[in-house]
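In this text, all values refer to a predicted model and were calculated from it rather than measured experimentally. Just follow the structure's listing: the first ligand is 1, and inside any ligand the first atom is 1.
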Amino acid sequence: MSAHPERLTLALQKSGRLAERSLELVREAGLSVVKSANELFFRVENYPVDLLRVRDDDIPTLVGDNVADLGVIGLNVLAEQSHGSGQRAEIVMPLGFGRCDLKIAIPESMEYGGIAALTGRRIATSYPNLLRKFLEERDIAAEIVEMRGAVEVAPRLKLAHAICDVVSTGATLEANGLRAVETVLKSEAVLVRSPVAPADIVKHLLDIVVERFRGVTASRGAKYVMMNAPRAMLGRISEILPGADAPTVVPLVGHDEMVAVHAVCQESVFWETLEQLKAVGASAILVLPIEKML
Ligand code: PRP
Ligand code: ZN
């Protein structure tokens, strides 16, 4: 049962990879977070929402068991735990941050001609379920050595020949003389919800919060682009604009052959894009950030 049946509870990682961006998402969604002396809870001032701050590994269970209504969690952690029985947290949407890969890595010195090189080897990991599935699907018989942390030191300690761990910048692998050879899972932060429908008062709030998260996520990276352009080049310009459907075209007084083009671009607008636009005759190009999108 939910901790506070009349309040919406959102589980977030307390510290680590996703912690800061998760809190940022909550704030950008208009929830004003009040830090409390309580380590476990943060309160939201302007809505009946509580933030439950926990270890990321606990989030799938807390949401699956409906202790929290929503949670922000790495797909890697969620997928690893989605094996056993019991109620499961359901994915609402990817959040576009916290990108990292679960990879198999081997010592620099080890030869590697392909995945068959792992046959009969010992692989240390904190992700035994995902690794087992990956190996089974490729018919590789290897031994999985389960470790809670510090997986990257296993080869040096002769505990294992290889490791399977999360890689983001690659600094940990490099510092330990390891190189990645296989990708087991591509991960990013996802929003999850409890499989149990909340009480009506909370349901309304949950829908609002989810839609705001969707808006924050969608507007991130999106840009509003304006320019003047030759009418004859409109087709080319729509092709160049990244992820823009149906730009708005406005006539320019006294210039029949020219128009103003306004478009929302869903993807990053790079300098190259602007240069291409200029090359087909666009001028006075403006790229503006979008704060909110609904
Ligand atoms: C992972 C992994 C490495 C590090 C890799 O741990 O176990 O230690 O991140 O990142 P890098 O490629 O940028 O060096 P994580 O921070 O996810 O900790 P956790 O598994 O204990 O939650
Ligand atoms: Zn963790």
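Using 4.0 Å as the threshold, G170 has a heavy atom nearer than that to some atom of ligand 1.
When the options T172, D57, V77 are ranked by their closest heavy atom to atom 4 (C) of ligand 1, first place goes to T172.
Surrounding NZ of K14 are more than 12 heavy atoms belonging to other residues, nucleotides or ligands, all under 6.0 Å away. More than 12 heavy-atom neighbours from other residues, nucleotides or ligands sit within 6.0 angstrom of CG on N46. Residue E257 places its CD atom among more than 12 non-hydrogen atoms of other residues, nucleotides or ligands, all under 6.0 Å distant. With a 6.0 Å radius and a threshold of 12 heavy atoms from other residues, nucleotides or ligands, E174 has its CD atom at or below the threshold.
By the 4.5 Å heavy-atom criterion applied to side chains, E24 and F97 are not counted as neighbours.
Numbered from 1 in the order shown, with element, the atoms of ligand 1 that lie under 4.0 Å from a heavy atom of A171 read 12 (O), 14 (O). Within ligand 1, the atoms closer than 4.0 Å to a non-hydrogen atom of R17 are 1 (C), 4 (C), 6 (O), 9 (O), 10 (O), 15 (P), 16 (O), 17 (O), numbered from 1 in the order shown. Contact atoms of ligand 1 toward T169: 11 (P), 12 (O), 13 (O), 14 (O) (distance under 4.0 Å to a heavy atom of the residue). Less than 4.0 angstrom separates some heavy atom of V167 from each of these atoms of ligand 1: 12 (O). Those atoms of ligand 1 with a heavy atom of D165 less than 4.0 angstrom away are 2 (C), 3 (C), 7 (O).
A cation-pi geometry, defined here as NZ or CZ lying under 6.0 Å from the six-membered ring centre and within 45° of its normal, holds between R138 and F134.
Within the 4.0 Å heavy-atom criterion, neither part of V151 lies near ligand 1.
Between the E80 side chain and the N129 main chain, a donor and an acceptor come within less than 3.5 Å of each other.
Considering backbone and side-chain N/O of Q13, none are found under 3.5 Å from N/O of ligand 1.
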